[in-house]
Amino acid sequence: MTLIKGAVPYGEGDPVDILVEDGQISDIGNLKSDDQDVIDARGLIALPGFVDLHTHLREPGREDTETIETGSAAAALGGYTAVFAMANTDPIADNPVVVEHVWRRGREVALVDVHPIGAVTVGLKGERLAELGAMARSNANVRIFSDDGMCVADPLIMRRALEYSRGLDVLIAQHAEEPRLTVGAQAHEGETAARLGLAGWPAAAEESIVARDCLLAGHVGARLHVCHVSTAGTADVLRWAKARGTQVSAEVTPHHLLLDDDRLNTYDPVNKVNPPLRAISDTKSLREALAEGVIDCVATDHAPHAPQDKDCEWSAARPGMLGLQTALSVVIQTMVQGGLLDWRGVARVMSERPAEIAGLPDHGRPIAVGEPANLVLVDPKATWTVNGAELASLASNTPYEGMELPGVIKATLLRGKVTARDGKAAR
Ligand code: DOR
Ligand code: ZN
């Protein structure tokens, strides 16, 4: 039993005490503490535990950069109670053996619910569909499929994938990047890239695939999820598709909400990411689209990389940045402090919508008696300074190094078990 004393659910109204018993919220009110474990939550906001639809845990294959254990610790410290692990591991998660390994290891570590994402195509090659049904029926119970890192570029393969996904009641998540338009691309196609002499990644490479996939999803009556939306134009396409009834959902990363291609002037590859940091006008449009609900949720695209893959010249560096432990703070800075979202809105974009999109019945639930005790306690007034070396990830490629960010996570509970408290994961 754990008693959370004096937290304010959703940042609304008076503080309450929340009693957690047998993995559930068993009482809410003004409660007496007996001999339970008490969490002093005065001044803290209680939110439903966060759900990340897009995490790279790197196991199997690159355990030098992250493991399911270290990534789960980073997730718990970031307030997450469920994460979806991308399929671009080595070997690739395109079969039941690999997805079951990830699922089983996640259960052993038990800091966060780890749901493996299966590959859409064999080897992420975009040529032949992977065995979606076998992965969906495996013990891992795969609900989301994605070739993330690569785009399912062939429209016929994408159409088939959407058709199968409808039959299996699973979700295809697309990394939208028309590969013919991004050959050799190193940075957002715009003034900064031109000045720095970096080959451009045009917005149209993303927008054209999103438009195509919305049409395909509408045509076959399937659901579609768009990974890491990065341009104002993609938000416009989504607005149009949703207005005409397409079943499409979309995520934006914290880094695309906060950072723009102005960061590239230092040539520091910590800022290299795919899709690339865009123009400041895109950043602004993405924030508005998230507030409006055109973009449904925030997903981290947490992408750990080894020093030798980041501390090198720009063109040789791998794309990607850490995100799990900084996501909430970046959302507070860009959306809450910017007046675009209140704490209810934070719960919606970090927990409720992603849980709905993934079909997780036990996450993103209301903070109410009888509900699963998947909770995060946030100090909204405190700030912290990011130090990559201190993050729980094995890698330290954070673009926020040295930045003072708002919002400190004081505790995370997964089915009533404290998985992180005062900056320490329960390992
Ligand atoms: O920046 C990225 N990193 N984008 C992706 O699509 C893949 C990811 C990775 O795996 O490192
Ligand atoms: Zn991607």
Can you check whether [X] reaches [Y] side chain to side chain, under 4.5 Å on heavy atoms?
{"X": "Lys381", "Y": "Asp379", "answer": "yes"}
{"X": "Leu277", "Y": "His188", "answer": "no"}
{"X": "Leu259", "Y": "Thr283", "answer": "no"}
{"X": "Thr412", "Y": "Tyr80", "answer": "no"}
{"X": "Val51", "Y": "Leu360", "answer": "yes"}
{"X": "Val331", "Y": "Met350", "answer": "yes"}
{"X": "Leu286", "Y": "Val229", "answer": "yes"}
{"X": "Val142", "Y": "Trp103", "answer": "no"}

Practice task
Apply ring pair (Phe, Tyr, Trp, His ring centres under 6.0 Å) to His228 and His175, showing your working.
Solution key: CA-CA 7 Å; His228 40 53; His175 169 117; 4.8 Å; yes
Grab the two heavy atoms, one from [X] and one from [Y], that are nearest each other, plus how far apart they are.
{"X": "Val99", "Y": "Ser138", "result": "CG2-OG, 3.9 Å"}
{"X": "Pro60", "Y": "Thr89", "result": "O-CB, 3.3 Å"}
{"X": "Ala355", "Y": "His363", "result": "CB-O, 3.3 Å"}
{"X": "Leu198", "Y": "Trp314", "result": "CD2-CD1, 3.7 Å"}
{"X": "Leu77", "Y": "Ala425", "result": "CD2-N, 3.7 Å"}
{"X": "Gly370", "Y": "Gln24", "result": "O-NE2, 3.6 Å"}

Handout entry: Stepwise side chain to side chain donor-acceptor pair (under 3.5 Å) check, Trp201 with Asn274
Key = CA-CA 9 Å; Trp201 198 131; Asn274 190 17; 2.8 Å; yes
Any side-chain to backbone donor/acceptor pair from [X] onto [Y]? Under 3.5 Å, distance only.
{"X": "Glu131", "Y": "Asn95", "value": "no"}
{"X": "Asp213", "Y": "Leu216", "value": "no"}
{"X": "Asp147", "Y": "Thr121", "value": "yes"}
{"X": "Lys284", "Y": "Ala232", "value": "no"}
{"X": "His302", "Y": "Leu324", "value": "yes"}
{"X": "Thr246", "Y": "Val248", "value": "no"}
{"X": "Ser351", "Y": "Phe50", "value": "no"}
{"X": "Glu59", "Y": "Ile68", "value": "yes"}
{"X": "Asn397", "Y": "Ala303", "value": "yes"}
{"X": "Gln174", "Y": "Val152", "value": "yes"}

Are [X] and [Y] close enough for a salt bridge, meaning some N to O gap below 4.0 Å?
{"X": "Glu12", "Y": "Arg344", "value": "yes"}
{"X": "Asp37", "Y": "Arg421", "value": "yes"}
{"X": "Arg212", "Y": "Glu178", "value": "no"}
{"X": "Asp64", "Y": "Arg62", "value": "yes"}
{"X": "Arg365", "Y": "Glu371", "value": "yes"}

Exercise for the section: Kindly determine whether Arg318 and His305 satisfy side chain to side chain donor-acceptor pair (under 3.5 Å), including the steps that lead there. Expected result: CA-CA 7 Å; Arg318 300 220 175 151; His305 284 298; 5.0 Å; no
Handout entry: Worked check of side chain to side chain contact (heavy atoms under 4.5 Å, CB included) between Asn387 and Glu401
Key = CA-CA 5 Å; Asn387 174 352; Glu401 183 71 36; 3.8 Å; yes
Practice task
For atom CD of Glu356, decide whether the heavy atoms of other residues, nucleotides or ligands shown that lie under 6.0 angstrom number more than 12.
Solution key: yes
Approximate separation, where rounding is to 0.5 Å, of [X] [atom1] and [Y] [atom2]:
{"X": "Ser285", "Y": "Asp236", "atom1": "OG", "atom2": "CG", "value": "7.5 Å"}
{"X": "Arg143", "Y": "Leu53", "atom1": "CZ", "atom2": "CG", "value": "14.0 Å"}
{"X": "Leu168", "Y": "Met135", "atom1": "CG", "atom2": "CE", "value": "10.0 Å"}
{"X": "Ile367", "Y": "Leu375", "atom1": "CD1", "atom2": "CG", "value": "5.5 Å"}
{"X": "Leu238", "Y": "Cys214", "atom1": "CG", "atom2": "SG", "value": "5.5 Å"}
{"X": "Asn374", "Y": "Asp113", "atom1": "CG", "atom2": "CG", "value": "7.0 Å"}

Handout entry: Qualifying residues under salt bridge (Lys or Arg N to Asp or Glu O under 4.0 Å), relative to Arg107, sequence neighbours excluded
Key = none
Problem - His256/Asp301 under side chain to side chain donor-acceptor pair (under 3.5 Å): CA gap, chis, key distance, verdict - result: CA-CA 11 Å; His256 288 110; Asp301 198 1; over 6 Å; no
Completion exercise
When His115, His225, His54 are each screened for ring-ring contact (aromatic ring centres under 6.0 Å, His included) with Phe84, the one that passes is His115
Practice task
Please say whether the positively charged group of Arg348, taken as NZ for Lys or CZ for Arg, lies over the ring of Trp343, i.e. under 6.0 angstrom from the six-membered ring centre and within 45 degrees of the axis.
Solution key: no
Problem - Thr81, Val112, Thr300 screened by side chain to side chain contact (heavy atoms under 4.5 Å, CB included) with Asp52, the one that passes - result: Thr300
Exercise for the section: Report yes or no: do Glu404 and Thr385 form a side-chain donor-acceptor pair below 3.5 Å? Expected result: no
Exercise for the section: Give a yes-or-no answer on whether the side chains of Thr70 and Thr67 include a donor-acceptor pair shorter than 3.5 Å. Expected result: yes
Practice task
Determine, stepwise, if the pair Arg278 / Ser230 fulfils side chain to side chain donor-acceptor pair (under 3.5 Å).
Solution key: CA-CA 7 Å; Arg278 299 289 186 184; Ser230 71; 2.9 Å; yes
Handout entry: salt bridge (Lys or Arg N to Asp or Glu O under 4.0 Å) pairs, two or more places apart, involving residues 150-173
Key = Arg159-Glu163, Arg160-Glu163
Listing, residues 287-299 side-chain donor-acceptor contacts under 3.5 Å, not counting sequence neighbours, or none:
residue : atom : partner : partner atom : Å
Arg287  : NE   : Leu257  : O            : 2.9
Arg287  : NH2  : Leu257  : O            : 3.0
Glu292  : OE1  : Arg239  : NH2          : 3.1
Glu292  : OE2  : Arg239  : NE           : 2.9
Asp296  : OD1  : Lys242  : NZ           : 2.8
Asp296  : OD1  : Ala250  : N            : 2.9
Asp296  : OD2  : Lys242  : NZ           : 3.2
Asp296  : OD2  : Arg353  : NE           : 3.2
Asp296  : OD2  : Arg353  : NH2          : 2.7

